[in-house]
Amino acid sequence: MAQQIKEQILKDLILLPEDTEVFHAIDWESCPQHIAFIMDGNGRWAKAQGKPRTYGHSAGVRTVHEMVEVCGKLPVRHVTFYAFSTENWKRSETEVRALMGLFSSSLRKYLDELETQGVRIDWIGDISAMGGQIEKEFTEAKERTKHNSRIHMSLALNYSGRADLVSAVRALGVKLRNGEISPLEITEESIQNHLSTRFLPEPELLIRTSGEMRLSNFMLWECAYSELYFSSVHWPDFKKVHLFEAILAYQKRQRRFGGE
Ligand code: FPP
């Protein structure tokens, strides 16, 4: 079975010489189903080349594109990217505007291709605060690709783990006040069902690039038992081989979920 899965991947994926060893070391039968990415280091990557931060974000979009394409050829079912946090509004107006422009232009640029590749496009977070244009374009892209099943890609847009928990608690509070539920019906499951990630399984693997070792308010609830992997590579330089290294490291971990 494992051999069959590997052969199927090899039919679809072009391996570079640096990918080969780590690719063959992975047990593709137990690949994570959901990989979440904290894409960090775009600014530093650009600065190192004497370029503006926005140049790094544009390069970062190419990495998103490559990761979706590669993961779509692996037994990965869901990929989620932390694209814009509720705290990112604190950045300069120029950078925020450039990022908003990039979300729209990238979606337009890649939509046809993503659709053909079988990618189901989605988001988590409060997209309504990002401007009518973005909401409209993402809603249309979601509708257009809703039957795609090769891979499910979600962008975290105007998202933070705490803000998402607050809106879930508020929604439950309203139901409680209206007598639709009792306090005992507030459970882990009901909280989960009110998060914007309710349609996603918890990520087994969370990858953060660029050497920072923190969650930065990303999927706080969902990552309770996720394996965390930190890569020193800046996001625009993150390639297949780095993804494979992360998957291999994940497979070497012992996941105990609080048990022995
Ligand atoms: C973090 O790097 C990156 C972001 C906050 C933005 C990431 C967004 C993209 C790559 C665009 C994705 C868009 C689509 C449509 C897929 P940073 O700016 O914090 O880098 P630094 O830590 O080096 O300053």
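Bear in mind that the values here come from a model prediction, so they are computed numbers and not experimental data. Indexing begins at 1, ligand by ligand and atom by atom, following the structure's order. Values below: all heavy atoms of this structure, side chains included; hydrogens, waters and symmetry mates excluded.
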Residue [X] vicinity, atoms of ligand 1 by number, heavy atom under 4.0 Å:
| X | answer |
| --- | --- |
| Asp40 | 1 (C), 2 (O), 17 (P), 19 (O), 20 (O), 21 (P), 22 (O) |
| Asn88 | 5 (C) |
| Arg44 | 21 (P), 22 (O), 23 (O) |
| Arg53 | 17 (P), 18 (O), 24 (O) |
| Gly60 | 10 (C) |

Open item on the list: My understanding is that only one of Met67, Arg44, Arg62, His57 makes a side-chain contact (heavy atoms from CB on, under 4.5 Å) with Trp235; could you say which?
Closed with: Met67

Tell me, which protein residue and heavy-atom name are nearest [atom], and how many Å apart are they?
| atom | answer |
| --- | --- |
| atom 4 (C) of ligand 1 | His57 CE1, 3.9 Å |
| atom 1 (C) of ligand 1 | Met39 O, 3.0 Å |
| atom 16 (C) of ligand 1 | Val64 CG1, 3.7 Å |
| atom 15 (C) of ligand 1 | Ser106 CB, 3.6 Å |
| atom 11 (C) of ligand 1 | Val61 CG2, 3.7 Å |

Open item on the list: Tell me whether the NZ or CZ atom of Lys90 lies within the 45° cone about the ring axis of Phe84 and under 6.0 Å from its centre.
Closed with: no

Open item on the list: With a 4.0 Å cut-off on heavy atoms, is Leu107 in contact with ligand 1?
Closed with: no

Open item on the list: Does the residue Glu212 have a heavy-atom contact with ligand 1, meaning some pair of atoms that are separated by less than 4.0 Å?
Closed with: no

Open item on the list: Parallel, tilted or perpendicular: which one describes the rings of Tyr110 and His65, with boundaries at 30° and 60°?
Closed with: parallel

TODO: Could you tell me how the ring of Tyr159 sits relative to the ring of Phe218: parallel (under 30°), tilted (30 to 60°) or perpendicular (over 60°)?
DONE: perpendicular

TODO: Kindly indicate whether the side chain of Phe37, heavy atoms from C-beta on, has any atom under 4.5 Å from the side chain of Thr209.
DONE: no

Task: Atom CD1 of Ile14 with >12 non-hydrogen neighbours under 6.0 angstrom - done: no

Flag the pair [X] and [Y] as a salt bridge only when some basic side-chain nitrogen lies within less than 4.0 angstrom of an acidic carboxylate oxygen.
| X | Y | value |
| --- | --- | --- |
| Arg198 | Asp164 | no |
| Lys252 | Asp27 | no |
| Lys136 | Glu140 | yes |
| Arg208 | Glu212 | no |

Task: Selected option - heavy-atom contact closest to atom 8 (C) of ligand 1, from Ala83, Gly43, Gly41 - done: Ala83

Open item on the list: Below 4.0 Å, non-hydrogen atoms only: which portion of Arg91 touches ligand 1? Side chain, backbone, both or neither.
Closed with: side chain

TODO: Return a yes/no value for Asn42: is any of its N or O atoms, backbone included, closer than 3.5 angstrom to an N or O of ligand 1?
DONE: yes

Task: Nitrogen or oxygen of Trp45 less than 3.5 angstrom from that of ligand 1 - done: no

